[in-house]
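Here is the structure we will look at.
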2 protein chains.
Amino acid sequence: MNIGAAALASGVTAKSIRHYESIGLLRPAERRANAYRDYCERDVHELRFIKRARRLGFSTGEIGALLALWRDRARPSREVRRIAERHVAELEARITEMQAMAKTLGALGDACCGDDRPDCPILDDLARGSGED
Amino acid sequence: MNIGAAALASGVTAKSIRHYESIGLLRPAERRANAYRDYCERDVHELRFIKRARRLGFSTGEIGALLALWRDRARPSREVRRIAERHVAELEARITEMQAMAKTLGALGDACCGDDRPDCPILDDLARGSGED
DNA sequence: GCTTGACCTTCCCACGATGGGAAGGTCTAT
DNA sequence: ATAGACCTTCCCATCGTGGGAAGGTCAAGC
């Protein structure tokens with residue numbers, strides 16, 4: 001299977017497949033006589049694993065750890081769970097932060113008439129700098 | 001005021017101040033005879049504006065638009081509001097997405113015993129690829 | 001004077017993940 | 001044989017920030 005076919009089958013672009021190989025997330029693919037990369041079903045499976053994990057917001061570093069655990073048939077599930085829990089904690093922290101941003105901006109937007117005049121609570125607030133270090 | 005003092009006063013690093021100037025977010029600073037950048041209170045004020053807007057998650061592109069509106073004493077507040085509302089919508093979309101990630105991972109983590117055995121619903125789910133294109 | 005240390009300058013490189021595109025080789029169907 | 005679709009490697013761009021090199025400048029103390 002050429003890289004294009006593997007890309008199609010996995011939903012990961014050929015560009016990204018090469019990238020994952022270059023950063024060591026994937027074992028270097030087999031090469032054919034013409035130097036083309038050659039993939040099998042198992043590779044496609046790993047690519048789908050990566051794609052799904054990326055969509056859940058795991059970094060490639062985290063995915064590397066997850067893949068290593070996945071390949072190791074003797075791993076304790078505790079490790080996997082720990083990685084996932086840490087990731088959830090990070091996600092929740094970022095969600096909280098973004099909710100605070102959205103809330104602040106929402107309130108400022110509500111206070112802003114949105115008319116033709118230059119008065120604007122949003123800019124006033126930014127200019128006042130009410131959230132210093 | 002040297003760049004270091006402006007950095008201290010605004011909370012923006014000297015590195016970032018130069019960067020903002022290089023991308024056109026700030027007007028090029030006045031230079032003294034020794035080529036050192038020279039800042040005034042007004043510059044510090046703009047830097048604080050930028051810092052606060054960055055903390056609210058605006059991109060430098062968006063901040064450029066906000067700054068232009070801020071400098072323009074005749075701007076309609078409608079413009080500002082539009083930018084802010086679009087940004088809030090983006091934030092909310094990303095929040096929703098991240099909440100879905102966290103929920104999925106939380107459920108998988110709950111189903112995972114976290115013991116010494118290799119059975120792990122998290123990896124099983126990733127490997128199954130239950131969320132294809 | 002001269003040295004030291006803190007400051008400033010520009011320039012390049014790095015991160016994270018991805019995409020664009022150039023320049024060149026290979027396959028396949030007509 | 002030639003076209004077109006594929007493959008290869010390599011470099012560059014994004015976005016915001018930081019690290020660090022190499023070099024110029026200022027202030028204080030000897």
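Any value given below was found using the heavy atoms of this structure, including those in side chains, with hydrogens, waters and symmetry copies removed. Source: prediction; values computed, not measured. Throughout, a chain's letter reflects where its sequence line sits, starting with A, and its residues are numbered from 1.
Contact annotation: side chain of B/Lys15 to base of D/dG16, donor-acceptor pair absent below 3.5 Å.
Nucleotide C/dC15 holds its P atom 11 Å from the CD1 atom of A/Ile23, rounded to whole Å. Here C/dA14 presents its P atom at 18 Å from NE2 of B/His19, a figure rounded to the nearest Å. Per the geometry, CG belonging to A/Asp38 stands 15 Å off C1' belonging to D/dT8, to the nearest Å. The distance between atom CD of A/Glu30 and atom P of D/dT8, rounded to the nearest whole Å, is 14 Å. Taking atom CD1 on A/Ile63 and atom C1' on C/dA17, their separation rounds to 11 Å, with Å as the unit. Between the P atom of C/dT18 and the CD1 atom of A/Ile17 lies a distance of 11 Å, rounded to the nearest Å. If you take OH of B/Tyr39 and C1' of C/dC7, they are 14 Å apart, rounded to a whole angstrom. Between B/Leu47 atom CG and D/dT17 atom C1' the separation is 15 Å, expressed in whole Å.
Contact check for B/Glu79 versus B/Ile83: no side-chain heavy atoms found under the 4.5 Å cut-off. The shortest distance between side-chain heavy atoms of A/Arg31 and A/Tyr36 does not fall below 4.5 Å.
Remark on DNA chain C: of its neighbouring residues B/Glu21 and A/Gly61, the 5'-side contact belongs to B/Glu21, judged by nearest-heavy-atom nucleotide. With the nearest nucleotide of DNA chain D identified for both B/Ala33 and B/Arg54, B/Arg54 has the one nearer the 5' end.
In this structure, A/Arg18 reaches the D/dT8 phosphate: one of its side-chain N or O atoms is under 4.0 Å from OP1 or OP2. Considering only side-chain N and O atoms, B/Thr60 lies under 4.0 angstrom from the phosphate OP1 or OP2 of D/dG16. Between A/Arg31 and the phosphate of D/dT9, there is a side-chain N or O to OP1/OP2 separation shorter than 4.0 Å. Taking 4.0 angstrom as the limit, B/Tyr36 places none of its side-chain polar atoms (N or O) nearer than this to OP1 or OP2 of D/dG24. Applying the 4.0 Å criterion to OP1 and OP2 of C/dC8, one finds that B/Arg37 has every side-chain N and O outside that range. Contact annotation: B/Asn34 side-chain N/O to C/dT9 OP1/OP2 distance is not under 4.0 Å.
The listed nucleotides are C/dA17, D/dG16, C/dC7; the one nearest the side chain of B/Asn2 is C/dC7. Which of D/dG18, C/dG19, D/dT9 sits closest to the side chain of A/Thr13 comes down to C/dG19. Relative to the side chain of A/Ser16, the nucleotides C/dG19, D/dG18, C/dT10 differ in distance, and C/dG19 lies closest.
Within 4.0 Å of A/Ile3, counting heavy atoms only, lie sugar-phosphate atoms of the nucleic acid but no base atom. Within 4.0 Å of B/Arg32, counting heavy atoms only, lies no atom of the nucleic acid at all.
Scanning both residues, B/Cys120 and B/Cys112, for their nearest heavy atoms gives SG-SG, 3.9 Å.
Using cut-offs of 30° and 60° for the angle between ring planes, the A/His45 and A/Trp70 rings count as tilted.
Taking a cutoff of 4.0 Å between a charged side-chain nitrogen and a carboxylate oxygen, B/Arg94 and B/Glu90 do not qualify as a salt bridge. Contact check on B/Arg37 versus B/Glu21 returns a salt bridge, with a Lys/Arg side-chain nitrogen under 4.0 Å from an Asp/Glu carboxylate oxygen. Comment: A/Glu46 does not engage A/Arg27 in a salt bridge, judged by the lack of any side-chain N to carboxylate O separation of less than 4.0 angstrom.
Although no hydrogens or angles enter the test, the distance criterion places a donor-acceptor pair under 3.5 Å between the side chain of B/Lys51 and the main chain of B/Gly11.
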(message) Counting Watson-Crick and G-U wobble pairs with both distances under 3.5 Å, what is the dot-bracket string for DNA chain D, 5' to 3', using [ ] for crossing pairs and | for pairs to another strand?
(response) ||||||||||||||||||||||||||||||
